**Student:** 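Mind having a look at this structure? Questions to follow.
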Amino acid sequence: MTGRGTHISLAIWSVLVIAFLWIPLAIIALYAFNGSTIQGWPITSWTTHWFSVAWHDADVRSAFELSVKVGAISAVIALVLGTMAAAAVARYRFFGREAVSFLLVLPLALPGIITAMALVSFFNFAGIQASIWTIVIGHATFCVVVVYNNVVARLRRSSGSLIEASQDLGADGWQTFRFVLWPVLSTALVAGGLLAFALSFDEVIVTTFTAGAQHTLPLWILDNIRQGQQLPVINVVAFFVIVVTVIPVALAQRVMRDTGVIRRGSAQVTEAVEAAEIPAV
Amino acid sequence: MAVDAGALETGPSVRRARLRLSGFFWRRPWLRAVGLLALPLAAFLVVYVGSLGVLFISSLWTSSSLTSTIEHTWTFANYRTIFSRAGPYLHIAGFTLEMAAIVTLTCAVLAFPLAFFMARLAGKRARAVLFVLVLLPLWSSYLVRLYAWQTILAHNGAINWALNGLGLPSQNLAYTNTAMWIVYTYVWLPFMVLPVYAALERIPDSYLEASADLGARGWRTFRSVILPLVLPGIVAGSIFTFALTLGDYITPALVGGTSSDMIGTVVYQNFATNLPFAAAFAVIPMAIMGAYLLIARRLGAFEAL
Amino acid sequence: MRRIWQRPRASVVVVLAVTAALAFVASGCGGGGGGGGSTTAASTTATTIGKGEGSLDVIEWPYYTDKSFAQPFEKQTGCIIHRKDAGTSQEMFALMHANGGGGGGQYDLVSASGDASLRLIDAGDVQPIDINQIPSWKDFLPQFKSPAHNTVDGKHYGVSVQWGPNTLIYNTQKVKPAPTGWGDTYSSKYKGNLTAPNNAIQIADAALYLMQTKPSLGIKDPYELTQAQLTAATQLLLNQKPLLKRYWNYAADEITSFKNGDVWMGAGWPYQTLQLQGDKQPIKEIVPLPTTGWADTWMLAAKAPHPNCAMKWMQYVTTPKVEAQQAIVFGETPVNPLACPYMDKIQKGSCAAYHLNEPESYYSKIKFWKTPVPQCGWNSSSDCMDYNAWVQAWAKVTG
């Protein structure tokens, strides 16, 4: 359908866009090895000194630990709530079914600052003091839809008659879940959980509002960019954050490839696309 | 009957109880639905949607100038201030919308050829590689990518170094609206590529063959067959580029210039000290996104998500 | 082809309507929208300071708890300091007022300038302290013992710590000849290479300039402006805007902009100049008098989780030696005149350079930051513009 000339120009365009996407990441990764404290280009001296400085910085360590904790807890909450909601929506017809999908997507479809304000208003109203738990509630709110999308997509592709067959064979609810549902859902849950973790690890706007004096890693980065006193350490932390968020996502991609039930070759791609749709802000 | 009647009478009591419970729920599917849905729905309605409602209501109140205490006097004063022609807020809202629109357009233009190449021209291996290459930057931290551009656009940064190397003069790109446009396009680009790619990928080859059989040349096929089918994907991508730009305040703070205040900036500045005003101003992006989502839904973008 | 026009499903509409109704009811019953409840100031005028709690969370101007003088304190008392640097008084107030007020149970101390301190007191976000627990207080300069901006009805809501002017920073290689006054920041000679603070209180700087150049406006106090005077000051700032490269939000932004060569001249604090000079940049500053300035108070949050550590810090930072150390790090003037010899020991001539040896003449020429309120002190009327009006005017300038 397309001529050779179009083919080549499209290929060149693609390469240029991919380069556009990756060059800034490469540059900031290089800055982590910058020997000077001035952020000029090109880099004239190289060092790994800042890695040890960052490693020994207590603030960086505690920020990283908090980010990991918050990410893990939010992912677990999102898994539970998201799966429950997805199971209800995919399997049953009830009044308000469409509203549920719309509702769950709101925290992501609405700008982050609105979600943040709504949550903080709720905390003030309920007298909940800012702490790690307010951060977790904030993150879980928009992580739920990541898991929900994954599980709904998976459930839609699997057959409802599996559960009926299992019951016909004499299994009770728990056995059905353990031997029939879990194998079908497991990869979707793992992928959803990993994506939820990555999303939480990187979030900054909602966290700025819901955290009190606590610092997650993105908050630490933001504070220090503004204070400008530790630019070389920020470079190292930036390098580290890129690596740490890339790993769960790459893993999720891997996991998503083995879907339990495949109908078309593009099913897995569409699933991955659905899952990856969610903004990282 | 889903449960074997005999099993209810015999076997260990725990198993009998479990079977009875499973039977109970099996006969009442709505109860299962409610049980599953109760917790997440309650959490969402109370914590999130309820708070949005309270926020909207508080936009009709005022806040004391000195102590920032909220006064529960019903008034449209906040909205009057925002929509007054003499004030800056309409201009700020307009600027934000403009930026969101331009960024969406730029992303669409950059993304489409790439997505087309990935979906229809690239080999299986190349497609997988390209997909991952587009996906990974999406997940690396927004803040880190923003910070990267701040250093690249600076007066002594990589761009001016490259320009000088080519014999061109240094540009003053830092702290301008152009800088914001570049950064936003860069950060949201993967959001546009992925749904467009998915939409293009779903078009069966038989459609294109049929179109050729009916005598349409490349451009006609593109215009009449591909474009309408890809539109939901473009709209789906634009939901993200639009929504994310509407609410952002960090990019203007870090790379913006002197006239770069956006809706997010005003809301963030006023949030703790004049909540009613911040809430009133936040109603604007809420309304815009609400309308946008409705239109997008009718164009089928939700199926393309 | 899918149907384009689909009516919104009834379920969506019903769910949203029900939730909206619930929200309406909830807002009536509860305290209403968040962030509003003001806490009554708990009066913890304890007579002795107890044991340190091991931690101290502060909201500060940069370097107000600099490691060079904070580390001995941390070792002595075991109170480890966690800092949140702020860029403007507005931000400090917002941090203290958020999460239910009183510091939200997150912060213990805030180094508030005069334009935030009264707001914090009136909003109930800070609590009074027993000033007799600060031994150095009796040595303070008289103007800073019980100033109106931190002492109300005889109650001390914190202790004064340092004060200083806003300065005019410039790059000696790019700006020739050296600037002589604030007028140079309104002239188009270096168009596109100037900077100014992104702070609504900057309007006072414009008003101060108009006080001298346009006496016909009748401005008597740069913080007490009538509508006409506010409009004139805003217009001056709008005229200045095309000359600016950017507005700086944090001291570090300004430092980076000067270092990158993006900016050649602008208003700032002595802290920026000292940092840039320390980095071997060709930067100098002048202090054209009269100018605006700030007088800072360490205030104790109403819901401070570590009040003992907070009081210990207040005791420590007002002693002459530490006052001298902080003054030289930031470039400001101590409130404790006994710091003078210590200052000269660290840096010869610094006591005179920061005017601690003859504070009165210097003091009267600085118009310290204070919150604009409707009550005009100079004509006993109440039609001066309040802070909300200033915020809106500033949004017009930067928007």
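Model, not experiment: these values are computed from the prediction. In what follows, every chain begins at residue 1, and chains take the letters A, B, ... in the order their sequences are listed. Any value given below was found using the heavy atoms of this structure, including those in side chains, with hydrogens, waters and symmetry copies removed.
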**Student:** Ring centroid separation for Tyr48(B) and Phe122(A), is it under 6.0 angstrom?
**Tutor:** no
**Student:** With a 4.5 angstrom heavy-atom cut-off, which part of Tyr31(A) approaches chain B: side chain, backbone, both or neither?
**Tutor:** side chain
**Student:** Looking at side-chain heavy atoms only, is the closest gap between Tyr142(B) and Ile205(A) below 4.5 Å?
**Tutor:** no
**Student:** If you tally heavy-atom pairs under 4.5 Å against chain B, which of Val241(A), Ile242(A), Leu21(A) wins?
**Tutor:** Leu21(A)
**Student:** Tell me, please, which residues at least two apart from Thr265(B) pass side-chain hydrogen bond (donor to acceptor under 3.5 Å, both in side chains).
**Tutor:** none
**Student:** Keeping the roles fixed (side chain from Trp13(A), backbone from Leu110(B)), state whether a donor-acceptor pair exists under 3.5 Å.
**Tutor:** yes
**Student:** Taking the side chain as everything from C-beta on, heavy atoms only, tell me whether Ser51(B) gets closer than 4.5 Å to Phe125(A).
**Tutor:** no
**Student:** Could you tell me which portion of Thr115(A) (side chain, backbone, both or neither) has an atom closer than 4.5 angstrom to a non-hydrogen atom of chain B?
**Tutor:** both
**Student:** If we only count heavy atoms from C-beta on, is the Leu231(A) to Tyr147(B) side-chain gap below 4.5 Å?
**Tutor:** yes
**Student:** For residues Val17(A) and Val134(B), determine if any side-chain heavy atom of one lies less than 4.5 Å from a side-chain heavy atom of the other.
**Tutor:** no
**Student:** Quick check on Ile18(A) against chain B: is it the side chain, the backbone, both or neither that has a heavy atom closer than 4.5 Å?
**Tutor:** side chain
**Student:** Within the structure provided, determine whether Ser14(A) and Met118(B) are in side-chain contact (heavy-atom separation under 4.5 Å).
**Tutor:** no
**Student:** Side chain, backbone, both or neither: which part of Leu222(A) has a heavy atom under 4.5 Å from chain B?
**Tutor:** both
**Student:** Taking side chain as C-beta onward, heavy atoms only, is Tyr249(B) less than 4.5 Å from Thr208(A)?
**Tutor:** yes
**Student:** After noting the C-alpha distance and the side-chain angles of Gln150(B) and Ile225(A), does the key distance pass the side chain to side chain contact (heavy atoms under 4.5 Å, CB included) rule?
**Tutor:** CA-CA 10 Å; Gln150(B) 197 191 39; Ile225(A) 291 180; 4.0 Å; yes
**Student:** For residues Ile152(B) and Trp41(A), determine if any side-chain heavy atom of one lies less than 4.5 Å from a side-chain heavy atom of the other.
**Tutor:** no
**Student:** Going from CG on Leu41(B) to CG on Leu104(A), what distance comes out if it is rounded to the nearest 0.5 angstrom?
**Tutor:** 7.5 Å
**Student:** Do Leu52(B) and Leu110(A) have side chains that get closer than 4.5 Å, going by heavy atoms?
**Tutor:** yes
**Student:** Give, as side chain, backbone, both or neither, the part of Leu16(A) having an atom under 4.5 angstrom from any heavy atom of chain B.
**Tutor:** neither
**Student:** Could you walk me through whether Leu106(A) and Phe44(B) pass the side chain to side chain contact (heavy atoms under 4.5 Å, CB included) test, one step at a time?
**Tutor:** CA-CA 10 Å; Leu106(A) 270 185; Phe44(B) 258 78; 5.9 Å; no
**Student:** Working to the nearest 0.5 Å, report the span between OG of Ser121(A) and CZ of Phe271(B).
**Tutor:** 5.5 Å
**Student:** Let's test your reading of the structure: which of Val237(A), Ile234(A), Leu119(A) forms the most heavy-atom pairs below 4.5 Å with chain B?
**Tutor:** Ile234(A)
**Student:** Sort out for me which of Pro107(A), Ala88(A), Gly82(A), Ala238(A) touches chain B most, counting heavy-atom pairs under 4.5 Å.
**Tutor:** Pro107(A)
**Student:** Out of Val80(A), Asn235(A), Ile137(A), Val89(A), return the one with the most heavy atom pairs under 4.5 angstrom to chain B.
**Tutor:** Asn235(A)
**Student:** Less than 4.5 Å to any heavy atom of chain B: does that hold for the side chain of Phe123(A), its backbone, both, or neither?
**Tutor:** neither
**Student:** Taking every non-hydrogen pair under 4.5 Å, which of Gly40(A), Pro111(A), Ala86(A), Pro24(A) racks up the most with chain B?
**Tutor:** Pro24(A)
